[in-house]
Amino acid sequence: MNSETVERCSKELSEPKGFSSYKEVHEWLTNFCEVKVAGLCISGQDIG
């Protein structure tokens with residue numbers, strides 16, 4: 001990720017609402033930062 005994406009993600013994480021799940025982070029990176037993230041498997045659920 002480039003430094004702008006990291007900065008935007010850090011800002012989002014510092015907000016009281018922040019992210020509620022890894023899936024939400026994945027969707028945010030994909031939809032708002034155009035970052036391709038490999039599929040994640042969390043607790044047996046493929047989210048990517």
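- Partners of Glu27 under the side chain to side chain contact (heavy atoms under 4.5 Å, CB included) rule, at least two apart in sequence or in another chain, are Lys23, Asn31.
- A search for side-chain hydrogen bond (donor to acceptor under 3.5 Å, both in side chains) contacts involving Ser3 returns nothing, not counting sequence neighbours.
- Partners of Asn2 under the side-chain hydrogen bond (donor to acceptor under 3.5 Å, both in side chains) rule, at least two apart in sequence or in another chain, are Thr5.
- Scanning both residues, Glu12 and Phe19, for their nearest heavy atoms gives CG-CZ, 3.1 Å.
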